[in-house]
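We count residues from 1, following the sequence as given. Note that the structure is a prediction, hence the values are computed from the model and not measured.
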Amino acid sequence: MDVAIRRADRNDRELVVRVLDEAFQGDPVSGWVFPGEEHRRATHHRLMAAFADTVLAEGRIDLVEDGTACALWLPVPAAPVAESAAPAGAADEAETLRQEVDPENGRVELIARLMAEAHPADRAHEYLWMIGVVPGHQGRGLGTALIRPVLERCDREGLPAYLEASSPRSVPLYERLGFAALDRTLDLPDGPRMWPMWREPRG
């Protein structure tokens with residue numbers, strides 16, 4: 001599939017936030033973090049904006065030229081051996097995120113903490129934080145087109161890759177790209193399951 005993709009910059013921030021907001025309104029995890037459709041529609045975009053700001057500053061966002069899909073990648077260094085699985089400062093970052101996004105919603109902070117705790121820390125890797133395709137364009141191969149170039153670079157550089165699948169229907173897609181589910185799931189309290197997945201570089 002021939003898809004025009006470019007790297008997003010700060011001028012694309014609002015477009016990236018809109019794509020992510022539209023793509024994840026019906027996602028099981030977003031529904032758990034923001035229960036109630038009216039509240040989710042009013043607040044969800046703030047979380048997407050926080051994610052976009054972090055990745056624009058520290059990683060890369062690949063954007064389909066026509067604004068129908070984007071992928072957020074972060075380079076993650078190996079943590080010092082003495083550190084725990086959760087990155088240093090993860091608890092403070094989770095609390096700050098809640099205050100910025102939805103101060104009365106403890107689930108914003110909780111999911112950030114749980115994801116940090118589940119994130120492998122012993123090896124440097126590329127982290128596919130989010131990939132979103134707007135409704136009406138899903139199932140056309142845009143996600144694969146966005147992911148493949150980064151995975152090809154990972155293979156050239158000998159880097160693993162990591163992600164959390166937020167719905168069971170996305171797991172087979174990632175498996176076809178070489179990811180494998182880790183031996184643990186991330187089960188949100190009274191909520192959906194997430195599947196941490198790891199990909200070793202291919203020679």
When you compare the side chain of M130 with that of M48, does any pair of heavy atoms fall below 4.5 Å?
yes

Do I61 and D12 come within less than 4.5 Å of each other through their side chains, counting heavy atoms only?
no

4.5 Å side-chain heavy-atom contact, Y127 and V55
no

Could you tell me whether the side chain of L97 reaches within less than 4.5 Å of the side chain of E95, counting heavy atoms only?
no

Taking only residues two or more places apart in sequence, or in another chain, which ones meet E65 in a side-chain hydrogen bond (donor to acceptor under 3.5 Å, both in side chains)?
R6

Looking at S30 and G26, would you say the former's side chain and the latter's main chain have a donor-acceptor pair under 3.5 Å?
no

Hphob cluster co-occupancy, M115 + V101, side-chain heavy atoms under 4.5 angstrom
yes

Restricting to side-chain hydrogen bond (donor to acceptor under 3.5 Å, both in side chains), what partner residues turn up for E109, sequence neighbours left out?
R98, R113

Where at least one partner belongs to residues 192-203, residue pairs that pass salt bridge (Lys or Arg N to Asp or Glu O under 4.0 Å), sequence neighbours excluded
R123-E200, D155-R199, D187-R193

Please examine the side chains of F34 and N105, heavy atoms only from C-beta on, and report whether any two atoms are closer than 4.5 Å.
yes

Which of parallel (below 30°), tilted (30 to 60°) and perpendicular (above 60°) describes F179 and Y174?
perpendicular

Looking at R40, R46, R41, H44, which hits side chain to side chain donor-acceptor pair (under 3.5 Å) with D21?
H44

Would you call I147 and W73 a side-chain contact if the rule is heavy atoms closer than 4.5 Å?
yes

With sequence neighbours left out, the residues meeting side-chain contact (heavy atoms from CB on, under 4.5 Å) with P135 are E22, Q138

Would you call V64 and C70 a side-chain contact if the rule is heavy atoms closer than 4.5 Å?
no

Partner set under side-chain hydrogen bond (donor to acceptor under 3.5 Å, both in side chains) for R13, not counting sequence neighbours:
D53

If you look at every heavy atom in P189 and L114, which pair is closest and at what distance?
CD-CD1, 4.2 Å

The side chain to side chain contact (heavy atoms under 4.5 Å, CB included) partner of T96 among E100, Q99, E93 is E100

T144: side-chain contact (heavy atoms from CB on, under 4.5 Å) partners, not counting sequence neighbours
R148, L173, L177

Which pairs, with at least one residue in residues 181-203 and sequence neighbours excluded, count as a ring-ring contact (aromatic ring centres under 6.0 Å, His included)?
H125-W198

With the 4.5 Å side-chain cut-off for hydrophobic clustering, are L146 and V171 part of the same group?
yes

My understanding is that only residues two or more places apart in sequence, or in another chain, count here; which of them pass side-chain contact (heavy atoms from CB on, under 4.5 Å) with P192?
P28, V29, W32, L188

For P149 and A145, which heavy atoms make the closest approach, and how far apart are they?
CD-O, 3.1 Å

Residue pairs fulfilling salt bridge (Lys or Arg N to Asp or Glu O under 4.0 Å) with at least one residue in residues 166-184, sequence neighbours excluded:
none

Closest contact, heavy atoms only, M194 versus P196
O-CD, 3.4 Å

Which heavy atom in A124 sits nearest to a heavy atom in P160, and how many Å separate them?
O-CD, 3.3 Å

Report the residues that fulfil ring pair (Phe, Tyr, Trp, His ring centres under 6.0 Å) with F51, sequence neighbours left out, ordered by chain and then residue number.
W129

Can you name the nearest heavy-atom pair linking S166 to D27, along with the distance?
OG-OD1, 2.8 Å

When you group the ILVMFWY residues by side-chain heavy-atom contacts below 4.5 Å and let the links chain together, are L63 and L128 in the same group?
no

Do you see a donor-acceptor pair shorter than 3.5 Å between the side chains of T43 and D102?
no

About how many Å separate NE2 of H119 and OH of Y162, when rounded to the nearest 0.5 Å?
5.5 Å

State which residues pass side-chain contact (heavy atoms from CB on, under 4.5 Å) with E157; sequence neighbours excluded, sorted by chain then number.
R153, L159

Who pairs with H137 by ring pair (Phe, Tyr, Trp, His ring centres under 6.0 Å), at least two apart in sequence or on another chain?
none

Taking the side chain as C-beta and beyond, is there a heavy-atom pair between D9 and L56 under 4.5 Å?
no

Single-linkage hydrophobic cluster I131~L186, side-chain heavy atoms < 4.5 angstrom:
no

If Ile, Leu, Val, Met, Phe, Trp and Tyr residues are connected whenever their side-chain heavy atoms lie under 4.5 Å apart, and connections chain through other members, are V108 and L72 in the same group?
yes

A69 and V133 have their tightest heavy-atom pair at CB-CG2, 3.7 Å

